[in-house]
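Each chain gets a letter, A, B and so on, in the order the sequences are listed, and its residues count up from 1. Computed from a predicted model, the values in this text were never measured in an experiment.
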Amino acid sequence: MTDNTTSADNTTRTDFTRDELMEVNAARALAGARTCFVGIGLPSTAANLARATVNPDLVLIYESGTIGSKPTRLPLSIGDGELAETADAVVPVPEMFNYWLQGGRIDVGFLGAAQVDRYANINTTVVNRGPDKPEGRLPGAGGAPEIASNCGKVLMVLRHSTRNFVPELDFVTTLGHGAGPGDRKKLGMPGAGPVAVITDLGVLRPDPATAELVLTELHPGVSVEQVRAATGWELRVSDGLGATEPPTPQELAALRALKNAGKSSGKSSGKDA
Amino acid sequence: MTDNTTSADNTTRTDFTRDELMEVNAARALAGARTCFVGIGLPSTAANLARATVNPDLVLIYESGTIGSKPTRLPLSIGDGELAETADAVVPVPEMFNYWLQGGRIDVGFLGAAQVDRYANINTTVVNRGPDKPEGRLPGAGGAPEIASNCGKVLMVLRHSTRNFVPELDFVTTLGHGAGPGDRKKLGMPGAGPVAVITDLGVLRPDPATAELVLTELHPGVSVEQVRAATGWELRVSDGLGATEPPTPQELAALRALKNAGKSSGKSSGKDA
Amino acid sequence: MADIRSLHDAVADLVHDGDILAMEGFTHLIPYAAAHEIIRQGITDLTLARMTPDVIYDQLIGAGLVRKLIFSWGGNPGVGSLHRFRDAVENGWPRPLELDEHSHAGMANRYVAGASKLPFAVLRGYRGSDIPTRTETVSTVVCPFTGEELAAVAALNPDVTVIHAQQADRNGNVQLWGLTGVQKEAALAADRVLVTVEEIVDTLEPRPGGVVLPTWVIDAVAEVPGGAHPSYASGYSVRDNAFYQAWDPIARDREAFTRWIEENVRNEQSAKAAVR
Amino acid sequence: MADIRSLHDAVADLVHDGDILAMEGFTHLIPYAAAHEIIRQGITDLTLARMTPDVIYDQLIGAGLVRKLIFSWGGNPGVGSLHRFRDAVENGWPRPLELDEHSHAGMANRYVAGASKLPFAVLRGYRGSDIPTRTETVSTVVCPFTGEELAAVAALNPDVTVIHAQQADRNGNVQLWGLTGVQKEAALAADRVLVTVEEIVDTLEPRPGGVVLPTWVIDAVAEVPGGAHPSYASGYSVRDNAFYQAWDPIARDREAFTRWIEENVRNEQSAKAAVR
């Protein structure tokens, strides 16, 4: 399991890692959803864990064309054979984007990100590495711009650091809340946009009045100061700041089982892809 | 077998009918074609006869979505089960019209018609029945406007009468050559348009200089006067007027076998549909 | 999620007076039983959409339930005219019928736009045709890259789409195969979806050419064996071509038609079959 | 009609210097063997199109054959970066790489327009994104019915498309199944089509989820068992996830990469395999 903190930091008092906190809480955020458009990496881990815990009937939809995939191990890529073999239906990629995603059929889009700003806008295209260096190249948009626009709502999951949570994006690949409330509506975006960003430190949600991401929940063992230090802008804290519940033994067991099953045949690295 | 002449007229000196002359010559017109978009009724009879005679490898494409149908009897409708069961591929109807027809994949479009004018424009929508009567309703366009526009070339087959071959259309459902040469190009139509109209009296083709249909071939036993009398405008006759070859015994046998096979399970009426 | 219901209850709940209703099926899998249930319930002032109106819409039109027809080819396939359709258009019997008429390519793309939740679709169509002079749902757009003018057709989003399929499972997932026409598009374009099926099975086995509609895009499934007759369900029945031919003289005559509907659709026994 | 040919001859005849080349396959059925043959033949100045460039294009880019890339997501799926792609973009090694960058929805629709022989496609996409500021193939159109402004993407019509499929018959008809991605669109959008297949069989048996491309839309078929490795062919092989992970350190280093291509692609034995 990789992490962007030191390995000494990576285990809290009890026997789970910060990544596991992130993954378990990301899965919990899918309670009640019917359909989820799943990005690979952390979102896929969360969605598969949700099927094993809070939402056994969750319909997983991958951009490779699979609807209702029921993998028994974490897929390494969005095109692993098991995703197709266990699906209720497999459709061509253009149909997936036109009829299913743009068609407004999908409740939740679950995204990772390289850079996020305070309005949950996303950059996965290029990063500025300073005046003497060429732009750093990221993978690009993939499905994200239209996932964020067309799904009923958007969840995001990524590790918390000032490298990821930046005051200004170098490039807007995917619009979250633009420059504040009303921007999505002005652009005619059907979905509600990002409603939660789940990290390895806590959960951020857009303030209903300003659409700015505020810290609403801390994971067990994490302090507000830690989160602020890992955020590139002056992070506001919700008046009603809460704490996430520690993972249950069932959640941890399910998560670890999924990952171990994955390892036997080409393990998931946990990196976004 | 229905015909619009009297049954006494319907048999020529030898043992074939005018409809059979029409059908055999329509089939011959498909020699050398690779793919044919087939309307039901006479075009379907012709295309299936072509597969049994001059063009065994002809790929029959029906608008119901079948590519490479190989029916053993004449289908009554464009959706008969045998068309799908014997096809190389069955595709959704939107794909048929977008990727295959508009995609320029089809050599020959084979159409019937209710009314044709001298530029091979087609009306299958409404007919004027005189001042005291409401417009007479025809079935409508079906696939014809885009078949005529997008196929490499168009063949037409219909019985010859002043009811069908009219000086002016009551409604232009499907453009043939418009008002003369250049009109198709002006409209940006990819295909060459109608190249032959095969009737029960002979064959009409557009004059290369004017795009007006002229009589280029007479069927055996038919006179120029008969054709002129059955045409609603002053029909021009080609300088090199030819005669079609009588059906061979093999052609007649194949045609009758196809029709008899059809009769056993819901015979084709020969009407356009 | 689709509820598995009787045809009577599903139609009563999902199809309303004044709806835009699409009953699709390209010759194959035409939902006749559902149309007959609509006639029995007298659901009226309908705007019917269908590429090929066929005998199914001849019956609904003749029964006086239809205000407007959106279509591209109105005939009795392989036989001839739809006489009830013609009588309504030409003579206003039993009521006038407004038309919104297209080509097949245009209608197919209207459903594609509807399923894609786009307001329109683009095609290279209708060129030189008089069709656009009689409808407000064909227009033009100019390609921003090449300057070419192309046809635009307005999205078609039915209030309710009814289709017939071979199978559903007990959760209401549906599979159809064979000629699948525009059924997927018509279903995904609609606000409400009713599927009648030949059979409810424990598990849908993937089929060559199979189209699967997951239960969460469907409102109700009703098990109606033979529900496509005189059309057919590949793997279950063959097209009753003789019925299509026998329909011609029935539909030619207003009284014969009315009697046929009375005896074959409105009578007690057919009603009972639907409640099952 | 497709000719059945050796991979060497098919690539030599159909893929030319300067071509716009699409090699599609969404994780599944990626035509690696054909890409390696292109490297061996040194076909260069290519404009490569592909939704997910993947390791296959990392290899072609690193080999110095690529002038421009048209794409929507360039990573090593589940592993991380494509280092050869990054090195070309960031440092111009071994040559500068021009980019035409889209979202997946945009790329998929560019192929749809290409297959439909339309100059553009419409989608509700790119809203609020900076992507359109860096490409000339995204624009806007206004719906003539509702006035809504939508994104327009230019059609993508490759000079040549190469795909891998499970089977062809002896006449060159092809069937693929499993995840079929955008292969049908990419093939129908192209001027020339080459299909490598796992196996040539007497008869194509219809499969659930099968996509059939008739021989008359294909120029050449080459039998190349395992031609998708390290990708996979459902029913024939599984994805070699270990290879994708092993690729990361190879691609990170210019020399390691060059050596790998020399030893695994350019050497005599792989060349012989292609001529078979």
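- Note: A105(D) leads A105(D), G75(D), G178(D) in heavy-atom pairs under 4.5 Å with chain A.
- With a threshold of 4.5 angstrom between heavy atoms, M51(D) approaches chain A through side-chain atoms but not through N, CA, C or O.
- Between chain D and the residues N98(A), T174(A), T124(A), the largest count of heavy-atom pairs under 4.5 Å involves N98(A).
- In this structure, P77(D) and I40(A) have side chains that are not in contact, with every pair of non-hydrogen atoms separated by 4.5 Å or more.
- Chosen from P134(A), A87(A), P92(A), the residue pairing most often with chain D at heavy-atom distances under 4.5 Å is P134(A).
- The part of F71(D) that comes within reach of chain A is its side chain, from C-beta onward, which places non-hydrogen atoms under 4.5 angstrom from that chain.
- With a 4.5 angstrom heavy-atom cutoff, V112(D) touches chain A only via side-chain atoms.
- K70(A) NZ: more than 12 foreign heavy atoms inside a 6.0 Å radius.
- Other residues, nucleotides and ligands contribute over 12 non-hydrogen atoms within 6.0 Å of the CD atom of E199(D).
- Judged purely by atom type and a 3.5 angstrom limit, E135(A) has no side-chain atom pairing as donor or acceptor with the backbone of E90(D).
- Proximity to chain D is absent for every atom of E82(A), based on heavy atoms less than 4.5 angstrom apart.
- At a 4.5 Å heavy-atom cutoff, the contact between N150(A) and chain D is made by side-chain atoms alone.
- Neither the backbone nor the side chain of F243(D) comes within less than 4.5 Å of any heavy atom in chain A.
- With values rounded to the nearest 0.5 angstrom, E101(D) atom CD is found 7.5 Å from T173(A) atom OG1.
- At a 4.5 Å heavy-atom cutoff, the contact between S103(D) and chain A is made by backbone and side-chain atoms alike.
- Only the backbone of L138(A) comes within contact range of chain D, with heavy atoms under 4.5 Å apart.
- Contact count against chain D (heavy-atom pairs under 4.5 Å) is highest for R129(A) among M189(A), R129(A), K133(A).
- Remark: side-chain polar atoms of Q102(A) are paired, donor with acceptor, to backbone N or O of R124(D) under 3.5 angstrom.
- Within the 4.5 angstrom heavy-atom criterion, no atom of V91(A) approaches chain D.
- When side chains are defined from C-beta on, R137(A) counts as touching L99(D), because their heavy atoms get closer than 4.5 Å.
- If you measure heavy-atom distances from Y126(D) to chain A, the contacts under 4.5 Å come from both the backbone and the side chain.
- Ranked by heavy-atom pairs under 4.5 Å with chain D, the first of A84(A), G143(A), G142(A) is G142(A).
- With a 4.5 angstrom heavy-atom cutoff, N123(A) does not touch chain D via any of its atoms.
- For R184(A), no part lies under 4.5 angstrom from a heavy atom of chain D.
- A donor-acceptor distance shorter than 3.5 angstrom exists from the side chain of R127(D) to the backbone of G188(A), with no hydrogens or angles considered.
- The neighbour count for E148(D) CD, taken as heavy atoms of other residues, nucleotides or ligands under 6.0 Å away, is above 12.
- Neither the backbone nor the side chain of D240(D) comes within contact range of chain A, judged by heavy atoms closer than 4.5 Å.
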